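To start, the structure under review is shown below, and the notes come after it.
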Amino acid sequence: MPVPRPLVVAWTYLRLGVMNEMQYRANFFVAIFQSLLQVGVGLAVLALVYSHTSELNGWTQSDLLVILGVQILLGGVVHATVQPNMERLADEVRDGKLDFALTRPEDAQLIVSVRQLQLWQLVEVVSGATVIGVGVSRLPTGMDAPHTLAFLALLGVGALLLYCFWLILATGSFWVVNMWFLSELFEGVYQTGRWPIGIYPGWLRYSMTYLVPVGFAVTVPAQAMTNRLSLGTVGVALAFAVVLAAVTRRFWKLGLRRYSGASA
Amino acid sequence: MGVVEVQGLEKVFRVPEREAGIGAATRSLFRRQWREVRAVDGISFEIEPGEVVGFLGPNGAGKTTTLKMLSGLLHPSGGEVRVLGHVPNRRERDYLRRMTLVMGNRNQLQWDLPALDSFELNRAIYRLPVDEFRQTRDELVELLDIGDLVRKPVRQLSLGERMKVEVVGSLLHLPQVLFLDEPTIGLDVTMQKRIRGFVADYNARYGATVLLTSHYMADVEALCRRVIVIHHGRLLFDGQLEALTHRFAPLKTIEAVLADGETVSLQVPKDEVSGATAQLLAEREVVDLTVEDPPIEDVIEQVFATEAEVVA
C-alpha cells in the first residue's frame with residue numbers, strides 16, 4: 001500500500017527538522033536543565049499542598065503526579081512540534097513570507113503545521129513519562145492493557161485539541177497582525193492544566209474544558225490512568241475533538257481567504 | 001490561446017489612514033479611517049507560450065501585486081485571470097505544480113541545511129519520481145555550475161550564490177510558467193549575467209513562459225523582446241522593446257569627437273538626424289561620430305514622466 005502523500009511531506013519535514021536540530025546540541029542541555037527545573041518545581045508544589053491534606057477533590061498525591069506528568073508530557077509535544085510552527089506562521093503572516101507556503105501544491109494547513117521542529121523539547125516528553133510512571137507505580141490499582149491503550153489514545157486526542165487551540169490563536173494573526181503575546185497566552189493558560197479541572201469553580205471549569213481545551217487535553221488522559229474514566233467522557237472527548245478540528249479547519253480557511261483578499 | 005490571459009484585472013486594498021501624532025493615533029484606535037488604494041487598476045494582456053516578457057514600472061506601480069494575483073496568492077478585486085487555463089486563486093494542485101514564483105528578496109530554502117536537503121523536500125511536495133528528480137536536479141545544478149554550493153549550509157553562501165541555489169530549487173518541478181520578481185536584486189554584475197543566462201537557457205530548453213520584473217534594464221534588454229509597462233496600476237505600454245524606445249524617445253544622441261580633441265553631444269529629433277549630421281560634418285573637422293538611441297533607463301524614465309504629466 002502506498003504511503004499517503006501528506007505523511008510523506010510531514011515525514012520529510014520531520015527528517016529535515018531533526019537534521020537541523022542536530023546542529024544545535026547545546027540546546028539539548030538547556031532543554032534538560034529546563035525540564036529538570038520544571039519537574040522539580042511541580043513536585044515541590046505538590047509536596048507542599050499534600051503536606052496540608054491527603055486528598056484534593058478526590059485526587060490523591062499519586063493521582064496528581066499522573067496529572068503533572070501528563071501536563072509535562074503534552075507540554076513537551078506542543079513545545080517541540082506545535083508551538084514553533086504556529087509562531088512561525090504568525091511571524092510569516094506579519095512579514096508576508098507565508099506566500100511561499102501557499103504556492104506549493106500541497107494543503108497549506110499541513111505545510112504550516114509541520115515545517116518546524118524543536119527536537120530537544122522532547123526531553124519534556126521523557127521527563128513527563130517518568131513522572132507518570134512514578135505516579136502510576138504508587139497507585140493501589142495498578143495498570144492494565146485496556147486502560148493503557150485508552151490513555152495513549154486520549155493523549156493523542158489531547159495533543160490534537162492543543163494543536164487546534166494553537167492554530168486558532170495563530171490564525172488570528174490574519175486579522176490582528178501583531179500577535180507577539182501568543183506563547184505567553186498559551187503558557188499562562190496551560191499552567192492551569194496541572195491541577196484536575198474538577199477543583200476549579202464552574203465557569204472556569206467550563207471555559208477550561210471547551211473554550212481553552214486544556215482541561216480535556218490533560219485531565220481526561222490522566223483519568224484513564226487513574227481508573228476514573230467513564231465511557232461517556234471518552235465519547236464527549238472524541239466528539240469534541242472532531243468538532244474542534246472541523247471548526248479549526250473552517251477558521252483557518254477563513255483566515256487564508258482574508259490573507260489573499262486584503263494583504264499587499 | 002495565451003498561457004497567461006489577463007482581462008481588466010483590478011486589485012483594491014483598504015488601508016487604515018491617519019494623521020501623524022499621538023492624538024490622531026488615539027482617535028484611530030476607536031474610529032478608523034479607511035482609504036482605498038487601487039494597486040492594480042484594470043490591466044489586460046496576454047502572453048503566448050514560450051515568451052519572455054519584461055514587466056516594468058516604478059516602485060509601487062502594482063507589479064508585485066499583479067504577480068501575486070497571477071500566482072494565486074491574492075484574489076483579484078475585479079477582472080479575470082487565467083494561467084495555463086486555470087484560475088490561479090483557486091490554488092488547484094494541477095496549476096501550482098506547473099508554475100513557480102521566485103522573489104529576489106526572499107529566501108525559501110532551509111537556512112541551516114545544505115540546499116540538497118531542501119531539494120529533497122521539494123521532491124516530496126511536488127511528488128516527483130526519484131529518477132526524474134535526480135536528472136533534473138543534476139542538469140540544473142550543472143547549468144548554473146553550483147555543484148559544490150549545494151552541499152554547503154545555505155547560511156554560509158553569499159547573496160549571489162544563495163540566489164543561484166534558490167533558483168534551482170524553484171525549478172526542480174520543471175514549471176511551465178515562471179514569475180520572477182526582481183530575481184537579480186542586489187547581485188553584482190557577473191552574478192546578474194549568470195542568472196540571466198540561466199533564465200534564457202531554461203526558457204530555450206523547456207519552452208517555459210517567463211514574466212519578469214527587474215529594475216536592471218540589462219536584465220530586460222538581454223531577456224525580453226517584449227515589455228509591459230505599468231504605472232499607478234494602469235497599463236502604459238505593451239509591445240516590442242524597440243517600439244518602446246521609438247515611441248517614448250523621439251530624440252537620438254549624436255556624439256562627435258572633433259580634431260581638436262573636443263567632444264560634442266547633441267540631442268536631435270529622429271527625422272532631423274541626417275540633416276544635423278551633415279551639417280556637423282560640413283562645418284567642423286570630425287574624427288569620430290556615433291548616432292545612438294538613448295539608454296533604455298532614460299527611455300523608461302521618460303515614459304513615467306510623460307504619464308505623470310497626463311495624470312497631473
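Naming: A, B, ... by sequence-line order, numbering from 1 per chain. For clarity, every value in this text was computed on a predicted model and none was experimentally measured.
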Distance-only side-chain donor-acceptor flag, A:Ser35 / A:Ser127, under 3.5 Å: yes
Rounded distance [0.5 Å steps], CD1 in A:Ile72 versus CG in A:Leu68: 4.0 Å
Contacting moiety of B:Asn122, where chain A heavy atoms sit under 4.5 Å: side chain
Engaged part of B:Arg97 at the chain A interface, taking heavy atoms whose separation is under 4.5 Å: both
Ring centers of A:Phe251, A:Trp175 separated by less than 6.0 Å: yes
Quick one: does any side-chain atom of [X] pair with a main-chain N or O of [Y] as donor and acceptor, under 3.5 Å?
{"X": "B:Glu166", "Y": "B:Asn107", "answer": "no"}
{"X": "B:Arg82", "Y": "B:Gly85", "answer": "yes"}
{"X": "B:Asn89", "Y": "B:Gly72", "answer": "no"}
{"X": "A:Gln71", "Y": "A:Tyr190", "answer": "yes"}
{"X": "B:Ser158", "Y": "B:Glu161", "answer": "yes"}

Top contributor to chain A contacts, counting heavy-atom pairs under 4.5 Å, from B:His173, B:Glu92, B:Arg123, B:Arg127: B:Arg127
Among the listed options B:Met99, B:Met103, B:Met69, the residue most often paired with chain A at heavy-atom distances under 4.5 Å: B:Met103
When A:Val9, A:Val8, A:Leu102 are compared by non-hydrogen pairs under 4.5 Å with chain B, the top option: A:Leu102
Under 4.5 Å from any heavy atom of chain B - which part of A:Leu110: neither
Within residues 11-29 of chain A, residues adjacent to chain B where the heavy-atom gap is under 4.5 Å: A:Thr12, A:Tyr13, A:Leu16, A:Met19, A:Asn20, A:Gln23, A:Tyr24
Over-ring placement of B:Arg14 relative to B:Trp34, 6.0 Å and 45° cut-offs: yes
